[in-house]
Undergrad: 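After the structure tokens below, expect a handful of questions from me.
Basis for what follows: all heavy atoms, side chains included, without hydrogens, waters or symmetry-related copies. Bear in mind the structure is a predicted one, so any value in this text is a computation, not a measurement. Numbers here simply count residues along the sequence, with the first being 1.
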Amino acid sequence: MNEDTVKGEWKQLAGRIKAKWSRLTDDEIQEAEGNNEYLVGKLQERYGLAREQVEENLRDIGYP
């Protein structure tokens, strides 16, 4: 999935992210749009997961 596709589907992805990781605020999810490093870092911070775990979980919901 390329960057343009992610941007086009961001609202759907944001909904899936919020459903799976409810500790993220709406502002954090909005800030994460197009910023993979920010999103991964916030998920690691909030949930204490390893980077690989976060990336695997994101792929499971359709995030590239």
Undergrad: Which pair of heavy atoms, one from Q44 and one from L49, lies closest together, and at what distance?
TA: CG-O, 3.3 Å
Undergrad: Do L58 and L13 have side chains that approach each other closer than 4.5 Å (heavy atoms only, starting at C-beta)?
TA: no
Undergrad: May I have all residue pairs that pass salt bridge (charged side-chain N to carboxylate O under 4.0 Å, His left out) and include part of residues 38-54, sequence neighbours excluded?
TA: E28-K42, E28-R46, E37-R51, K42-E45, R51-E55
Undergrad: Flag the pair V54 / L39 as yes when at least one side-chain heavy-atom distance between them is below 4.5 Å, and no otherwise.
TA: no
Undergrad: Can you name the residues that form a side chain to side chain contact (heavy atoms under 4.5 Å, CB included) with D60, not counting sequence neighbours?
TA: E56, N57
Undergrad: Are the side chains of R23 and L43 in touch, meaning some heavy atoms are under 4.5 Å apart?
TA: no
Undergrad: Which heavy atom of L24 sits nearest a heavy atom of K18, and at what distance?
TA: O-NZ, 2.8 Å
Undergrad: Report the distance from atom OH of Y38 to atom CD of E33, rounding to the nearest 0.5 Å.
TA: 12.5 Å
Undergrad: Hey, is the main chain of I61 close enough, under 3.5 Å, to the side chain of K20 for a donor-acceptor pair?
TA: no
Undergrad: When you look at W10 and I29, which way does the side-chain contact (heavy atoms from CB on, under 4.5 Å) test go after all the steps?
TA: CA-CA 10 Å; W10 179 251; I29 291 173; 4.0 Å; yes
